[in-house]
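Here's the structure, in structure tokens; my notes come after.
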Amino acid sequence: MAYWLMKSEPDELSIEGLSRLGRTRWDGVRNYQARNFLRAMSLGDEFCFYHSSCPQPGIAGLGRIVVAAYPDPTALDPHSPYFDAKASAEKNPWSAVEVEHVRTFAQVLGLGLLKQQAALEEMPLVHKGSRLSVMPVTAAQWQAICALAR
DNA sequence: GCCAACGTTGGC
DNA sequence: GCCAACGTTGGC
């Protein structure tokens with residue numbers, strides 16, 4: 001099983017929102033590197049749910065992949081903010097996955113705290129200017145994060 | 001293929 | 001709201 005980290009603006013979808021929904025589609029990824037990571041996800045993989053662009057940026061909980069990557073329907077929907085005029089049903093370059101809620105942390109693991117962890121210094125997340133919204137997490141990094149969440 | 005201009009991300 | 005960093009676009 002592989003581990004990942006995915007960013008979401010809580011106004012769009014928060015860990016609490018995912019908890020309420022139980023499961024939902026993770027769509028709207030419009031960056032090729034991030035999309036490639038989406039496509040590399042397998043059923044059962046787990047991910048850190050990161051809150052970005054909000055008062056308290058950080059890892060807010062955990063989720064799990066329940067459906068592997070498939071064409072992202074929001075790319076074809078003219079009413080979606082993620083609409084891509086260059087995408088078509090025959091040729092849709094974007095992917096979505098389905099995720100389910102696993103755990104909401106008692107406290108958000110703030111970005112400042114994450115940056116203090118030597119075990120996490122390789123993560124793109126903690127690098128200045130990093131905009132990658134989907135990234136792999138190593139087993140060692142995953143353990144370090146879970147240790148912080150206790 | 002280079003690179004300037006532009007739009008977006010995301011922390012602060 | 002500001003601004004640094006980044007990815008993409010498009011002229012040449």
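Per chain, numbering begins at 1; letters A, B, ... match sequence-line order.
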Sub-6.0 Å ring centroid separation between A:Trp94 and A:Tyr32
yes

Grab the [atom1]-[atom2] distance between [X] and [N] for me, whole Å please.
X        : N      : atom1 : atom2 : answer
A:Glu12  : B:dT8  : CD    : P     : 15 Å
A:Lys115 : B:dG10 : NZ    : P     : 13 Å
A:His51  : B:dG11 : NE2   : P     : 12 Å
A:Lys128 : B:dC12 : NZ    : P     : 10 Å
A:Gln56  : B:dG10 : CD    : P     : 17 Å
A:Leu132 : B:dT8  : CG    : P     : 19 Å
A:Glu9   : B:dC12 : CD    : P     : 15 Å
A:Asn31  : B:dT8  : CG    : P     : 14 Å

Taking the side chain of A:Lys86 as its heavy atoms from C-beta onward, which of C:dT8, B:dG11, C:dT9 lies nearest to it?
C:dT9

One character per nucleotide, please: for nucleotides 1-7 of chain B, 5' to 3', B when the base has a protein heavy atom closer than 4.0 Å, S when only the sugar-phosphate does, - otherwise.
------B

CG of A:Leu114 to CE of A:Met123: how many Å apart, nearest 0.5 Å?
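These two atoms lie 7.5 Å from each other.
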
How long is the span from the CG atom in A:Leu148 to the CG atom in A:Leu109, to the nearest 0.5 Å?
5.5 Å

A:Phe47 and A:Trp26: CA distance, side-chain angles, deciding distance, ring pair (Phe, Tyr, Trp, His ring centres under 6.0 Å) verdict:
CA-CA 12 Å; A:Phe47 65 96; A:Trp26 198 285; 5.6 Å; yes

Are A:Tyr50 and B:dG11 close enough that a side-chain N or O sits under 4.0 Å from OP1 or OP2?
yes

Is any side-chain nitrogen or oxygen of A:Lys7 closer than 4.0 Å to OP1 or OP2 of B:dG11?
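For B:dG11, OP1/OP2 do not have a side-chain N/O of A:Lys7 under 4.0 Å.
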
Considering only NZ, NE, NH1 and NH2 on the basic side and carboxylate oxygens on the acidic side, decide whether A:Glu98 and A:Arg25 come within less than 4.0 Å.
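Judged by the 4.0 Å cut-off on N to carboxylate O distance, A:Glu98 and A:Arg25 do not form a salt bridge.
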
Tell me whether A:Leu132 is reachable from A:Ile65 by hopping between hydrophobic residues (I, L, V, M, F, W, Y) whose side-chain heavy atoms are closer than 4.5 Å.
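Linked, A:Ile65 and A:Leu132 end up in one cluster.
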
Is A:Phe37 reachable from A:Leu43 through a run of hydrophobic residues whose side-chain heavy atoms are each under 4.5 Å from the next?
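No, it is not one cluster - the side chains of A:Leu43 and A:Phe37 are not joined through contacts under 4.5 Å.
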
